[in-house]
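These notes concern the structure reproduced below.
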Amino acid sequence: MGTLEGKVAFITGAARGQGRSHAIRLAREGADIIAVDLCAQVDTVAYPMATPDDLQETVRQVEALDRRIHAVRADVRDLAALKSAVADGQAQLGPVDIIVANAGIVAFGATGTTDEQAFRDVIDINLIGVWNTVTAAVPSLIEKGAGSVVLTSSTQGLKGTGGNGGGGSSAYAAAKHGVVGLMRTFTNWLSPLGIRVNSIHPTGVNTPMIVNDVMAAMFADPTAMSDAVSNLMPVPMVEAIDVSNAIAWLVSDEARYVTGVTLPVDAGFNAK
């Protein structure tokens with residue numbers, strides 16, 4: 001038996017990248033999955049976003065582990081859609097025990113868009129979307145008096161290096177700092193009810209959000225964001241599984257008294 005046997009995990013941004021990795025990793029530990037992703041393009045995002053086929057690949061890989069999965073195309077900016085996804089998933093799989101608020105974007109460089117719109121899109125998805133995710137699923141945990149919540153922040157939620165004054169980059173650091181604020185207020189609200197809440201802070205991760213032509217062009221500019229992605233350990237990026245392994249521990253009983261922490265998975269980035 002895995003450490004999460006009999007649990008149900010609600011994961012956003014699950015079609016690819018970190019979200020898919022988290023779904024597969026938790027499934028390996030025995031969890032069934034409610035997987036949500038927009039699976040569509042946001043105008044201010046210049047790199048290609050996840051597709052419906054990506055979400056179906058997550059379904060395939062979870063089912064290959066003999067675990068159940070309910071996958072839904074939904075926008076984390078839409079609280080009603082998230083509540084519907086949770087309700088339908090719980091009808092099939094049972095009550096939610098674990099929330100992983102992972103969905104997020106990086107928005108700059110898209111043609112025909114403004115800094116103002118980029119700022120709003122990042123805040124709406126990376127911060128308000130996290131609040132929506134927890135709000136949609138946490139009643140199940142409250143009813144049980146147990147469970148675990150992990151909010152995906154970033155090294156940019158602890159430092160803020162690499163800003164260039166643009167709407168997208170400013171909003172990214174602000175939203176990721178805001179996720180820490182949400183984690184801390186949720187911790188004070190939910191920990192007395194038996195529910196643990198933590199945030200996780202990756203450095204650059206080898207996923208399609210980072211590894212694409214748009215981001216490569218930006219990082220090639222030595223004046224752009226080199227300080228934002230340089231680690232102390234001699235690795236340019238970590239892998240999605242490195243983040244997933246940390247989440248699998250955080251949501252397991254092995255971390256049963258760990259709550260209210262900002263956990264870096266950052267190859268030493270925040271120690272600089």
Side-chain angles (χ1 to χ4, degrees), residues 1-41 47-76 81-82 84-105 129 133 136-137 140-141 144 147-152 200 202 204-212 237-255 263 265:
M1 290 181 63
T3 59
L4 304 176
E5 197 73 31
K7 305 290 188 182
V8 174
F10 176 50
I11 304 173
T12 61
R16 68 179 191 184
Q18 290 188 56
R20 178 191 289 169
S21 178
H22 303 340
I24 293 167
R25 182 66 179 85
L26 300 192
R28 284 198 182 110
E29 293 297 335
D32 295 320
I33 308 297
I34 302 173
V36 164
D37 203 292
L38 176 62
C39 297
Q41 198 68 29
Y47 58 86
M49 293 179 64
T51 67
D53 286 345
D54 290 324
L55 186 57
Q56 285 308 303
E57 178 61 17
T58 298
V59 170
R60 187 192 69 77
Q61 293 196 39
V62 169
E63 290 180 341
L65 297 169
D66 200 27
R67 303 313 310 168
R68 298 178 297 165
I69 179 170
H70 176 69
V72 180
R73 291 184 61 187
D75 190 333
V76 295
L82 292 183
S84 177
V86 169
D88 291 345
Q90 289 188 139
Q92 297 183 36
L93 307 178
V96 170
D97 304 277
I98 296 161
I99 301 170
V100 181
N102 166 78
I105 62 168
T133 298
S140 172
L141 282 66
K144 286 189 170 190
S148 181
V149 179
V150 179
L151 312 182
T152 298
I200 197 154
V205 184
N206 183 14
T207 69
M209 190 177 90
I210 297 296
V211 182
N212 57 69
M237 289 179 283
V238 300
E239 299 297 325
I241 188 61
D242 298 310
V243 185
S244 301
N245 286 338
I247 290 176
W249 175 73
L250 277 176
V251 302
S252 75
D253 288 343
E254 293 174 353
L263 179 63
V265 182

| Working for side-chain contact (heavy atoms from CB on, under 4.5 Å), residues Leu4 and Ser252 | CA-CA 6 Å; Leu4 304 176; Ser252 75; 4.3 Å; yes
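- Contact annotation: the side chain of Asp88 never approaches that of Val72 to less than 4.5 Å [non-hydrogen atoms, C-beta and beyond].
- Taking OG of Ser148 as the start and CG of Leu141 as the end, the distance is 8.0 Å to the nearest 0.5 Å.
- Under a 3.5 Å cut-off, the side chain of Arg68 and the backbone N or O of Asp32 do not form any donor-acceptor pair.
- At a threshold of 4.5 Å between non-hydrogen side-chain atoms, the residues Ile105 and Met49 count as touching.
- Side-chain contact between Gln61 and Arg20: present, with at least one pair of heavy atoms (C-beta onward) separated by less than 4.5 Å.
- Formation of a donor-acceptor pair under 3.5 Å by the Thr12 side chain with backbone atoms of Asn102 is found in this model.
- Counting only distance, with no hydrogens or angles, the side chain of Asn206 and the backbone of Val238 share no donor-acceptor pair below 3.5 Å.
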| task | Evaluate the criterion side-chain contact (heavy atoms from CB on, under 4.5 Å) for residue pair Lys144 and Asp97; output intermediate values, then yes/no. | result | CA-CA 8 Å; Lys144 286 189 170 190; Asp97 304 277; 2.4 Å; yes
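- In plain terms, the two heavy atoms of Gly13 and Ala103 that are nearest each other are N-CB, 3.7 Å.
- Shown here are the salt bridge (charged side-chain N to carboxylate O under 4.0 Å, His left out) partners of Glu57, two or more places apart in sequence or in another chain: Arg60.
- Inter-residue side-chain proximity for Val149 and Phe10 is flagged as unmet; no heavy-atom pair is nearer than 4.5 Å.
- Between the side chain of Asp242 and the backbone N or O of Glu239 there is at least one donor-acceptor pair closer than 3.5 Å.
- When side chains are defined from C-beta on, Thr3 does not count as touching Asp253, because their heavy atoms never get closer than 4.5 Å.
- A donor-acceptor contact shorter than 3.5 Å is absent between the side chain of Ser21 and the backbone of Gly17.
- Taking 4.5 Å as the limit, every side-chain heavy atom of Val76 sits out of range of all side-chain heavy atoms of Leu38.
- The two residues Thr58 and Ala14 have their closest heavy-atom pair at OG1-O, 2.8 Å.
- Within the 4.5 Å cutoff, no side-chain heavy atoms of Thr152 are placed close to those of Val243.
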| request: Would you check, one step at a time, whether the test side-chain contact (heavy atoms from CB on, under 4.5 Å) holds for Thr133 with Leu82? | output: CA-CA 7 Å; Thr133 298; Leu82 292 183; 3.9 Å; yes
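- The two atoms that bring Pro208 and Arg16 nearest to each other are CB-CZ, 3.5 Å, heavy atoms only.
- Atoms CG and CD1, on Leu26 and Ile98 in that order, are 6.0 Å from each other to the nearest 0.5 Å.
- Closest heavy-atom contact between Ala240 and Thr207: CB-CG2, 4.3 Å.
- The minimum heavy-atom distance linking Gly19 with Ile11 is given by the pair O-CG2, 4.0 Å.
- Nearest heavy atoms, Ile99 versus Ala137: CD1-CB, 3.6 Å.
- Note that NE2 of His22 and CD1 of Ile247 are 3.5 Å apart. Values are rounded to the nearest 0.5 Å.
- Residues Asp37 and Asp54 form no side-chain contact, since every pair of their non-hydrogen atoms from C-beta on lies 4.5 Å or further apart.
- For the atom pair CD1 (Ile34) and CD (Gln90), the distance works out to 5.5 Å, reported to the nearest 0.5 Å.
- The backbone N or O of Ile241 lies less than 3.5 Å from no partner atom in the side chain of Gln18, so there is not a single donor-acceptor pair.
- Of the listed residues (Glu29, Arg25, Arg28), just one forms a side chain to side chain contact (heavy atoms under 4.5 Å, CB included) with Leu65, and that residue is Arg28.
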